Trainee: 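I have a structure here, written as structure tokens, and I will follow up with some questions on it.
Below, chain A is the first sequence line, B the second, and so on; all start at residue 1. Please read all numbers here as calculations on a predicted model, not as lab measurements.
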Amino acid sequence: MTTTTATPARSVRTATTKARNRRRRAAGAVGLPALVLAISVGIWEAAARGGLVNEIIVPAPSDVAVELFGMLDEQYFWDATWVTLAETLAGFGIGVVLAWVLGTLLGMFGWARTAFYPLVVGFQITPRVALAPLFLTWFGFGLTSKIVMAATICFFPVLLNVMVGMSGVDPAARTLMRSLGASRWEEYVKLTLPSSLPLIFAGIKNAITLALIGAIVAEFVGASRGMGVLIKSLNFQLNVAAGFAVIVALMIFGLILYWLVELLEARIVRWRHHAV
Amino acid sequence: MSAAATLAQDTEQGISVRGVNKLYDTADGGQVQALVDVDLDIAPGEFVSFLGPSGCGKSTLLHMVAGLLEPTEGVIEVRGTPAAAGRPDLAIMLQSPVLFPWRSVIDNVMLPVEILRLDPVAARRRAEDLLELTHLTEFAKKNVWELSGGMRQRVSLVRALVTDPPLLLMDEPFSALDEFTRERLNVELASMHDRLGRTTLFVTHNIAEAVFLSDRIVCMRPRPGEVIDVIDVPLPRPRTRGLVGAAETVALEGRVRAAIAEYI
Ligand SMILES: Nc1ncnc2c1ncn2[C@@H]1O[C@H](COP(=O)(O)OP(=O)(O)OP(=O)(O)O)[C@@H](O)[C@H]1O
Ligand SMILES: [Mg+2]
């Protein structure tokens, strides 16, 4: 759009400089973190190999990598992965949907917000993983207790952000909707919901990482399958390198999940970096 | 003279403000008198400006006419019915542009059409004409964060006009515009008014603007907000660019300035 009025020669030049700048920035965005990662892994490797740390307690990154690639061919690894991811995603979905619905209802009615807000904040600051043993006795050894834990742990941040987002709507925008005679529903759909989406997504991004934490902690507390179980049993066998490999796999899965949510956010909340 | 004069008697169809007082509750538990004893009759097709320093209750009065605020005392009738929000025959352009960043420029403009359930095809055509008039055609599909402050104000103006309302309330519509655009849009607004004869209430701080556009100017002062004078503007219609800076215009500007200066 900006180049339409420029002469062809100039627009070509600005296009190439733009492309070059973009490439340079992209190289920085990927290259710099990669460099930092490479150096830290290098130091760690040297420390382990040089006997600075006990290799049984802190294995060298190369050993961890070997273990990880070995695991990729093992059925038990993928079984555990599948179980943990299923718990995480089910808990995440249930937690987010419930929080969204309840948060919207609470946010819609001033008295409900006033009545429940302290309770919500109270739960939000309680370490919810402390509930894991309780859930185990209530829901048993299977997937249910893990799903409930994951849902509980990601419920409150989303609930809180939905409520805060709804109360943060520009009063002048409300006045505009009122001047047009918008119904409650129209005001919600056309103003309140879109205007609180950036905050809701911040809560959801928080929730996806929390859901993974919830699932793993619940597995630690009592389970027969899953990546948490795998980490525990590998540690018992003093196979620390393999334990680390599972943790690295968890990190990668967590990153992928987070990145998927971010992708969704970027598609829906296109205005998030632009205050108007 | 225009249709405004012949219809002037027909206050039933215009706006009447009777004995209106407005008290606001303040955050510290007190009250502030925003308006005292306002009485006003506005005829259909009349262009009335509200002029006065900051805080004299201009926005408050406009919001009450639009049904967005209740008077503490008194009655406001709009075309024979009590002031109420959500009527399709009235549009208010608020002091801040309030555009939704999740909508493109054209979709922001179409918002009133959606909510008031007006014919989208006719409205769309009108929206395109109005964007043309405000030099925004090539920005119709843009995101609102790509617009300057003055452009946002113009989009807000187009959104107010898209429903083709017989009653138009404008709260400092051109305050963020540069002098050149402001003058051009004033000329456009005047010619639109001469053509369409919308009843218009226009809030401004700008004396020249008020004189050029109005049939009458309501002069106000703050603390407490009250009407100090209502000045007729006997400039001929149609109002064209030639009137800007003409001797009679300047003389009237002087009169208005003197009327307000007396109280401030
Ligand atoms: N919501 C409110 N609560 C309390 N006081 C208010 C409120 N809105 C306005 N006021 C007070 O009422 C008075 C009139 O305000 P108003 O916004 O109508 O003035 P205005 O003439 O439009 O000013 P400006 O030219 O600055 O827009 C001011 O003293 C203001 O402080
Ligand atoms: Mg104002």
Trainee: Can you check side-chain contact (heavy atoms from CB on, under 4.5 Å) on A/Leu176 and B/Ile92, steps first, answer last?
Mentor: CA-CA 8 Å; A/Leu176 171 72; B/Ile92 181 166; over 6 Å; no

Trainee: B/Glu146, B/Arg87, B/Glu114: which one forms the most heavy-atom pairs within less than 4.5 Å of chain A?
Mentor: B/Glu114

Trainee: Looking only at non-hydrogen atoms, find the nearest pair between A/Leu180 and B/Pro112 and report the distance.
Mentor: CD2-CB, 3.6 Å

Trainee: Counting only heavy atoms closer than 4.5 Å, note whether A/Ile268 contacts chain B via side chain, backbone, both or neither.
Mentor: neither

Trainee: With a 6.0 Å cut-off (strictly less than), is the heavy-atom count around CD of B/Glu188, excluding the residue itself, greater than 12?
Mentor: yes

Trainee: Is it the side chain or the backbone of A/Ser195 that comes within 4.5 Å of chain B heavy atoms, both, or neither?
Mentor: both

Trainee: Please indicate whether A/Phe116 has more than 12 foreign heavy atoms, meaning atoms of other residues, nucleotides or ligands, lying under 6.0 Å from its CZ.
Mentor: no

Trainee: Set out, in order, the CA-CA distance, both residues' side-chain angles and the distance that settles side-chain contact (heavy atoms from CB on, under 4.5 Å) for A/Trp271 and B/Asn143, then state yes or no.
Mentor: CA-CA 8 Å; A/Trp271 66 93; B/Asn143 300 307; over 6 Å; no

Trainee: How many angstroms lie between atom CZ of A/Arg174 and atom CG of B/Leu68, to the nearest 0.5 angstrom?
Mentor: 14.0 Å

Trainee: So, taking the atom named CG in B/Leu111 and the one named NZ in A/Lys190, what distance separates them when rounded to the nearest 0.5 Å?
Mentor: 7.0 Å

Trainee: Output side-chain donor-acceptor pairs under 3.5 Å for residues 247-256 of chain A, partner residues at least two apart or in another chain, one line each.
Mentor:
none

Trainee: Can you name the closest pair of heavy atoms from B/Trp145 and A/Arg270 and give their distance?
Mentor: CH2-O, 3.6 Å

Trainee: Would you mind checking which part of B/Leu94 comes under 4.5 Å of any heavy atom in chain A, side chain (CB onward), backbone (N, CA, C, O), both or neither?
Mentor: side chain

Trainee: Rounded to the nearest 0.5 Å, what separation is found between the CZ atom of B/Arg117 and the CD atom of A/Glu186?
Mentor: 4.5 Å

Trainee: For chain B, find which of A/Ala172, A/Ala182, A/Gly181, A/Ser179 contributes the most heavy-atom pairs closer than 4.5 angstrom.
Mentor: A/Ser179

Trainee: Less than 4.5 Å apart, any side-chain heavy atom of A/Leu193 and any of B/Trp102?
Mentor: no

Trainee: Counting a contact as any heavy-atom pair under 4.5 Å apart, which residues of residues 158-171 of chain B contact chain A?
Mentor: B/Arg159

